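We name chains A, B, ... by the order of the sequence lines, and we start the count at 1 in each one. Note that the structure is a prediction, hence the values are computed from the model and not measured. These numbers come from the heavy atoms of this one structure, side chains and all, not from hydrogens, waters or symmetry mates.
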Number of protein chains: 2
Amino acid sequence: MMSGPERRTVRDLRRGNRAIVLRALYFGGPASRQELTGATGLSAATVSNVTAGLLAEGAIVEAGLVESDGGRPRVLLRVDPEHGYAIGVDVGETHVRVELFDLAMTERAKADYALRPARHEAQLVARHILAGIDVVLAEAGVGRERMLGVGIGVPGIVEHGPAAVIHAQTFGWESVPLGTLLRAGTSLPLFVDNGAKTMGQAELWFGAGRGARHAIVALVGSGVGANIVTDGVTYRGVTGSAGEWGHTTVVVNGRRCRCGALGCLEAYVGAEGVLGRYAEAGGVITTDDEQVALAALLEDGSAAARQVVEETVSYLGAGLGNLVNLFNPERIVVGGWAGLLLGRRHLPALREAAGRHALAQPYRQTTIELGELGPDAVALGAATLVIESFLQ
Amino acid sequence: MMSGPERRTVRDLRRGNRAIVLRALYFGGPASRQELTGATGLSAATVSNVTAGLLAEGAIVEAGLVESDGGRPRVLLRVDPEHGYAIGVDVGETHVRVELFDLAMTERAKADYALRPARHEAQLVARHILAGIDVVLAEAGVGRERMLGVGIGVPGIVEHGPAAVIHAQTFGWESVPLGTLLRAGTSLPLFVDNGAKTMGQAELWFGAGRGARHAIVALVGSGVGANIVTDGVTYRGVTGSAGEWGHTTVVVNGRRCRCGALGCLEAYVGAEGVLGRYAEAGGVITTDDEQVALAALLEDGSAAARQVVEETVSYLGAGLGNLVNLFNPERIVVGGWAGLLLGRRHLPALREAAGRHALAQPYRQTTIELGELGPDAVALGAATLVIESFLQ
DNA sequence: TGACTTAATTCGCGCCGTGATCTAAGATGA
DNA sequence: TCATCTTAGATCACGGCGCGAATTAAGTCA
């Protein structure tokens with residue numbers, strides 16, 4: 001009904017077209033001005049003007065010629081990977097990892113800080129991040145003036161507002177203003193988001209979600225979440241916590257979830273939930289490591305194990321079907337370490353289970369795929385937040 | 001990531017600003033150019049130019065003066081209700097209703113055609129619609145050149161594509177190209193959408209959803225659906241069937257739904273589902289009319305009735321909680337005849353049940369309200385589709 | 001070497017939004 | 001009554017914009 005702040009002045013128009021060209025070059029690889037004319041819908045004259053500006057800024061560079069049969073050769077253009085750099089930070093249960101990427105998303109440097117269990121104070125994490133920034137910049141020999149910003153993936157719910165505030169029960173964080181804490185130590189632009197969401201963003205940009213305008217990355221690990229992309233943009237809702245798929249109810253009055261509610265999807269298909277159900281069915285778990293335990297469960301041919309896996313597929317299929325019905329996406333990508341583990345063996349069954357719960361029409365329009373990136377893509381995805389702002 | 005077709009030429013810029021001003025006047029009531037300057041963020045000069053154009057077209061008219069203390073009085077402007085007309089059509093189980101509205105959404109004429117049970121042939125419905133268009137135009141004395149278009153709310157899933165195709169199992173419609181059928185009889189612009197969605201749209205524009213940018217209208221009647229508004233725009237997904245909330249699973253392996261799946265929300269909180277559960281619990285239903293039966297059930301003080309109502313609140317609360325977690329909306333409006341019936345007596349319990357299933361943070365950010373418009377707002381909402389296109 | 005082909009740039013035109021300036025239209029007060 | 005003040009709205013000049021047409025650049029080919 002009432003639409004947001006749109007283009008107003010003729011200058012915004014140019015900015016918009018600049019962004020269109022830049023995006024086309026970033027995602028469409030090297031291209032000649034000629035090809036850009038077709039890809040962007042702009043006129044050749046405008047493409048010429050805009051690219052001249054981008055060349056002058058140094059954002060793009062020439063990248064060789066394409067010989068033609070009888071005419072002037074086309075000059076290829078591409079984004080200069082060295083024009084700017086982005087840092088991605090993965091704040092996880094066991095470590096803080098800081099990675100420096102160039103614009104081509106090639107990793108240039110990395111720093112790792114172990115977190116001791118139950119030692120997750122925000123101040124400590126902030127110190128690690130700031131130290132990591134210094135380290136990776138020094139290691140790669142990149143100056144601060146070339147930095148486009150720092151993206152940070154954190155656990156829990158990130159409330160986007162004037163300043164991002166984080167709620168993460170597993171860390172004991174309640175309304176932690178991580179951005180403000182970091183602001184004291186750096187002047188680089190900061191982008192904070194949920195780590196599952198940044199991982200999903202990586203999958204959407206560089207993994208199985210490439211090119212889809214309406215896609216959902218369903219992340220299944222210890223926790224369960226989703227990154228919902230509508231019309232090419234990650235949907236965040238009014239305060240940024242949209243996509244809490246793991247805590248949607250799939251069994252009213254069902255299993256208790258660690259969030260306190262009953263019957264959440266996460267209580268059934270999250271790693272803990274799966275292992276818990278296995279133990280209740282008489283299965284024996286021989287290790288403390290969830291990942292090892294889940295892999296073993298999937299290998300196990302016992303009746304109890306097969307039953308638990310079958311049920312897990314069914315629950316997850318219901319959850320996926322709900323996404324299909326509510327969002328009518330063109331693609332769903334199943335990711336997260338547990339999702340990948342399960343999906344590698346049972347993707348057809350998962351598709352079939354989703355089809356059982358979804359309506360026929362939207363189900364036909366969608367494909368369910370496995371994620372292509374490892375579960376370590378949190379930092380990469382966090383860096384894409386920075387790139388996204390660079391591309392306007 | 002890749003964003004859609006944005007403003008390109010300097011002409012689109014003007015069109016966009018024209019739309020901004022028009023929308024501000026449409027939703028912000030009469031306003032002076034002065035006030036428009038503030039409301040739109042445009043400069044006074046531009047507002048002057050744009051309004052001059054709109055006045056010349058006849059889209060807006062002057063609407064009196066506001067005297068000031070010592071200066072030139074402000075001239076109020078408003079959209080001319082007679083500048084254009086929109087027709088809204090409600091294709092329901094028992095009737096086809098055609099209504100003519102002016103731009104102020106005042107009803108100017110109406111035509112009604114009863115449908116005999118199980119006589120829902122698309123050709124027949126199309127004939128009724130075309131006849132209704134002729135009738136209301138003649139009755140109101142409005143010429144076709146003043147018509148902005150015809151909006152049509154239909155049951156089932158509307159697949160938006162090159163031509164809208166409708167799938168409605170209750171009507172026995174499978175891939176019915178209603179637009180194409182009507183195209184043979186009229187040249188007016190046509191807008192086809194799901195009836196529940198148009199009703200929701202009416203609620204969002206003129207009812208309890210007014211002004212919200214992230215809102216969901218949850219419609220509970222015989223069927224159950226939702227109209228999801230993200231950033232001021234109804235979300236449709238890749239082929240327009242997004243929002244099929246009624247067929248999301250809330251109890252894996254639960255009650256069979258008429259869609260064929262097990263455990264759909266609709267199977268529990270749709271009118272049929274509620275009455276079915278009541279019958280199973282030993283309740284006696286004395287009428288064939290679902291609406292009367294449900295009202296009686298809500299009045300009934302028997303233990304069985306109370307139990308069924310309580311469970312219904314719980315299931316619906318779970319469904320609402322899922323919406324809160326997935327979409328993080330700022331407002332949820334509960335509508336539909338059954339939703340209103342239930343909500344009038346049990347809204348606090350419903351809110352409480354939703355809170356039990358939703359995460360605390362997003363739940364705090366949202367309010368759950370009852371719809372303000374009656375369940376007969378399908379045609380009104382269908383007409384808003386036309387107005388929406390008029391406002392660009 | 002000159003004709004041909006195709007890519008990219010340049011130019012002139014019609015628009016755009018904006019700040020500064022100007023005009024319109026009332027109130028005020030002696 | 002009439003000059004003065006105040007505020008709303010219109011107008012103007014300017015810097016930009018995208019585009020189609022014309023022009024220039026840079027090759028191939030015979």
Taking [atom1] from [X] and [atom2] from [N], how many angstroms apart are they, rounded to a whole number?
X	N	atom1	atom2	result
B:L65	D:dT7	CG	P	17 Å
B:D12	C:dG14	CG	P	19 Å
B:R11	C:dC15	CZ	P	6 Å
B:Q34	C:dA25	CD	P	17 Å
A:E35	C:dT6	CD	P	15 Å
B:R15	C:dC15	CZ	P	15 Å

Exercise for the section: For D:dA8, take OP1 and OP2 only and decide whether either is under 4.0 Å from a side-chain N or O of B:R33. Expected result: no
Exercise for the section: Check whether any side-chain nitrogen or oxygen of A:R14 sits under 4.0 Å from OP1 or OP2 of D:dG18, and answer yes or no. Expected result: yes
Problem - Derivation of the side chain to side chain donor-acceptor pair (under 3.5 Å) call for A:E159 and A:S241 - result: CA-CA 6 Å; A:E159 196 171 334; A:S241 75; over 6 Å; no
Fill in the blank from the handout: Under a 4.0 Å heavy-atom cutoff, the residues of residues 72-80 of chain B touching DNA chain D are B:R72, B:P73, B:R74, B:V75
Exercise for the section: Starting at CD1 of B:I152, measure out to CG of B:L385 and round the result to the nearest 0.5 Å. Expected result: 9.5 Å
Fill in the blank from the handout: Between the CG atom in B:L25 and the CG atom in B:D80, the distance rounded to the nearest 0.5 Å is 12.0 Å
Within-4.5 Å side-chain heavy-atom neighbours: [X] and [Y]:
X	Y	result
A:I87	A:V386	no
B:R236	B:D193	yes
A:H160	A:T239	no

Can you name the atoms? Protein N/O to nucleotides 19-23 of chain D N/O, anything below 3.5 Å, with the distance.
{"residue": "D:dC19", "atom": "OP2", "partner": "A:S43", "partner atom": "N", "Å": "3.0"}
{"residue": "D:dC19", "atom": "OP2", "partner": "A:S43", "partner atom": "OG", "Å": "2.9"}
{"residue": "D:dC19", "atom": "OP2", "partner": "A:T46", "partner atom": "OG1", "Å": "2.7"}

Problem - Ring-ring centroid check B:Y85 B:F390, cutoff 6.0 Å - result: no
Exercise for the section: Could you tell me whether a side-chain N or O of B:N328 sits under 3.5 Å from a main-chain N or O of A:G240, the two making a donor and an acceptor? Expected result: yes
Exercise for the section: Please check if atom CZ in B:R11 has more than 12 non-hydrogen atoms from other residues, nucleotides or ligands closer than 6.0 Å. Expected result: no
Practice task
May I ask you to decide if the ring planes of B:W205 and B:F27 are parallel, tilted or perpendicular, using 30° and 60° as cut-offs?
Solution key: perpendicular
Completion exercise
Ranking A:V10 and B:T51 by the position along DNA chain D of their nearest nucleotide, the one closer to 5' is B:T51
Fill in the blank from the handout: Only one of B:I228, B:V333, B:L373 passes side chain to side chain contact (heavy atoms under 4.5 Å, CB included) with B:V217, and that residue is B:V333
Restricting both atoms to N or O, compile the protein contacts to nucleotides 28-30 of chain D shorter than 3.5 Å, with distance only.
{"residue": "D:dT28", "atom": "O4'", "partner": "A:G70", "partner atom": "N", "Å": "3.4"}

